[in-house]
Amino acid sequence: MATYRVTLMTSWQGTGTDTDPFRPDIQDVQGWVDVTGQPLANILPAPNAVVIAAIVNDAQLALLDQDDILTQETINA
Amino acid sequence: MTLTHPFAGWRLGPQHRTTRPLLPFQFTGAIVGTTYSEDSATATIADVVGTRVTVANGHLTLASGGTDGDPAFIGDTGATWAAGLAFIVKGSAAANAGVGLYIADTTTPINILSTAQGIGWYLLGTDDFVLRNGTQRADTPSPGTNWTLAIIARANGVFALVNGKLWWVFDSDPGYTAVYPHIVSSRNADTTLDGAVLTPIPNAQAALVTDALVGSVAAGDTFNHQHDCRIEWTQTSLADFTRIVFRFIDANNHWFALVRANGQFQLYERTGGSTSVRATGATNVQANDRLVVVVEGTTISGYINAVAQWHYTQATSHVTATLGKRNDDYSPELGGVENLRVYVRDVANDAPALWNAITGVIQ
């Protein structure tokens, strides 16, 4: 199965509490890292946006395409 | 049954060859027989009466007598002096016994105490000192009767560990590049050796532990770390949650790695009382996996069994904090954690007292 290194721009969800932390609004992607590194003090400005890097498989890539949040993709291996 | 002996690749010093010398390169079958060949890869051993080296149950004993400092075993395989080279011997000694552990620049057997072009360490009962080229350089504490002795090369010097604790540091270029391990005998009581290795440590710093939580780690257990460090632990069971906190300032300002009941492995930042997930691993943790978090500058990385899961490069908060703990600010905290260890990332400028453990070479 091919895997792809992708960069996504999405919005934050959550309220910043320990039980509901700020996190990227993504589903179907498990392995990711926050690329933006936005300080927590202003994590919800306008626009509400976060960029993450992730590695996904074919099925996940198709789902991301449907969500229209994919900004860049590279075949990884 | 063929048993590879921990002394494979070593040969006897000349004074130990006089009567039925033994070379336990490798044992085939039971440890019985009488043949011996110095160059043979196999030796079978029977009557050991009369020799000063005996073998039993996989252990090798250097008998008392002879001359202090005479090399009993010399490593035939040399190595290049380089940072991270470790010479490690594990053994035990009766009271007032002795043994020497050296790295020399020659395979020629020599009396370490007089003419050696080597650096090392000689134990004689409660007297324990560091030598370089035959000159005593420092007195050190006695290691007791059961020990793992390790000499580890650095770029321009050497330090030694006993039972995981720093024993001495010698900050000087050894002056040579090719090195051979020597184990020397003492004239006092017997010394039993369980194993000896000359081995590279991939990263000289990787073996240096600054703090450890041995056994089960409970909520609220704390540890200290350098602001750049490597933290690892065994995740013995999965339940919601496990939070290993580091760069802790207070309950509202710190970082933590989180493991969920489903095995999800995440990096969290907490600043000013707000919490954010900064990274999530692609692989789920399984029970008894070894988890590692490497904190270095503004980068925090997570690994499961040495497989990278995330590298977060924007960790600009709390970068100088040095306290860690198993979370007790949030609940629940139900995952099983054992044997947490904290390593340095860079020993170049650290006080020797930071180095207090070595693991993973001889268990």
Side-chain angles (χ1 to χ4, degrees), chain A residues 1-45 47-61 63-64 69-70 72-77, chain B residues 240-241 243 245 249-260 262-285 293-294 297-304 307-319 327-333:
Chain A
M1 177 183 296
T3 57
Y4 303 86
R5 188 183 303 276
V6 299
T7 305
L8 312 172
M9 187 169 69
T10 183
S11 58
W12 289 103
Q13 62 176 327
T15 58
T17 66
D18 60 291
T19 55
D20 186 26
F22 292 126
R23 56 200 183 276
D25 185 10
I26 51 173
Q27 292 82 37
D28 308 313
V29 177
Q30 182 173 351
W32 58 267
V33 63
D34 174 1
V35 173
T36 312
Q38 199 169 359
L40 276 169
N42 57 5
I43 211 163
L44 287 178
N48 174 358
V50 56
V51 176
I52 66 168
I55 295 176
V56 299
N57 59 29
D58 291 309
Q60 291 167 330
L61 186 64
L63 291 170
L64 292 171
I69 60 173
L70 190 65
Q72 180 181 332
E73 66 181 88
T74 305
I75 294 177
N76 184 42
Chain B
D240 281 338
F241 296 90
R243 302 178 185 90
V245 180
I249 296 175
D250 55 37
N252 290 325
N253 296 280
H254 54 262
W255 292 86
F256 60 88
L258 180 145
V259 181
R260 297 179 181 274
N262 64 4
Q264 203 170 37
F265 184 40
Q266 297 181 302
L267 174 66
Y268 275 65
E269 177 188 356
R270 185 159 171 84
T271 296
S274 294
T275 305
S276 177
V277 188
R278 292 301 194 180
T280 299
T283 305
N284 283 343
V285 176
V293 174
V294 175
T298 57
T299 297
I300 302 175
S301 304
Y303 301 82
I304 301 173
V307 177
Q309 299 297 314
W310 29 263
H311 301 287
Y312 179 62
T313 61
Q314 310 287 328
T316 56
S317 302
H318 329 314
V319 291
N327 161 67
D328 58 352
D329 294 312
Y330 323 119
S331 62
E333 190 71 29

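Quick note on labels: first sequence line is chain A, next is B, and so on, each numbered from 1.
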Quiz item: Is it the side chain or the backbone of A:I43 that comes within 4.5 Å of chain B heavy atoms, both, or neither?
Solution: side chain
Quiz item: With only heavy atoms counted, which part of B:Y268 is less than 4.5 Å from chain A, the side chain, the backbone, both or neither?
Solution: side chain
Quiz item: Which bit of B:Q309 comes within less than 4.5 Å of chain A, counting heavy atoms only: side chain, backbone, both or neither?
Solution: neither
Quiz item: What's the shortest heavy-atom distance between B:V277 and A:P24, and which atoms?
Solution: O-CD, 4.4 Å
Quiz prompt | Donor-acceptor under 3.5 Å (B:N253 side chain, B:G272 main chain) | solution = yes
Quiz item: Do you know which of B:L267, B:D329, B:T271, B:T280 has the most heavy-atom pairs under 4.5 Å to chain A?
Solution: B:T280
Practice problem: For residues B:F265 and B:A257, report the shortest heavy-atom separation together with the two atoms involved. | Solution: CE1-CB, 4.1 Å
Quiz item: Contact part of A:T36 toward chain B, heavy-atom cut-off under 4.5 Å: side chain, backbone, both or neither?
Solution: backbone
Quiz prompt | Backbone N/O of A:Q13 and side chain of A:D25: donor-acceptor pair under 3.5 Å | solution = no
Exercise. Find the distance between OG1 (A:T10) and CZ (A:R23) and round it off to the nearest 0.5 Å.
Key: 11.5 Å
Quiz item: What part of A:V50 gets closer than 4.5 Å to chain B, counting heavy atoms only: side chain, backbone, both or neither?
Solution: neither
Exercise. Go through B:T283, B:T275, B:N284 and name the one with the most non-hydrogen pairs under 4.5 angstrom from chain A.
Key: B:T275
Quiz prompt | Whether B:Q266 side chain and B:G281 backbone form a donor-acceptor pair below 3.5 Å | solution = no
Quiz item: Checking heavy atoms, do the side chain of B:R270, its backbone, both or neither come under 4.5 Å from chain A?
Solution: both
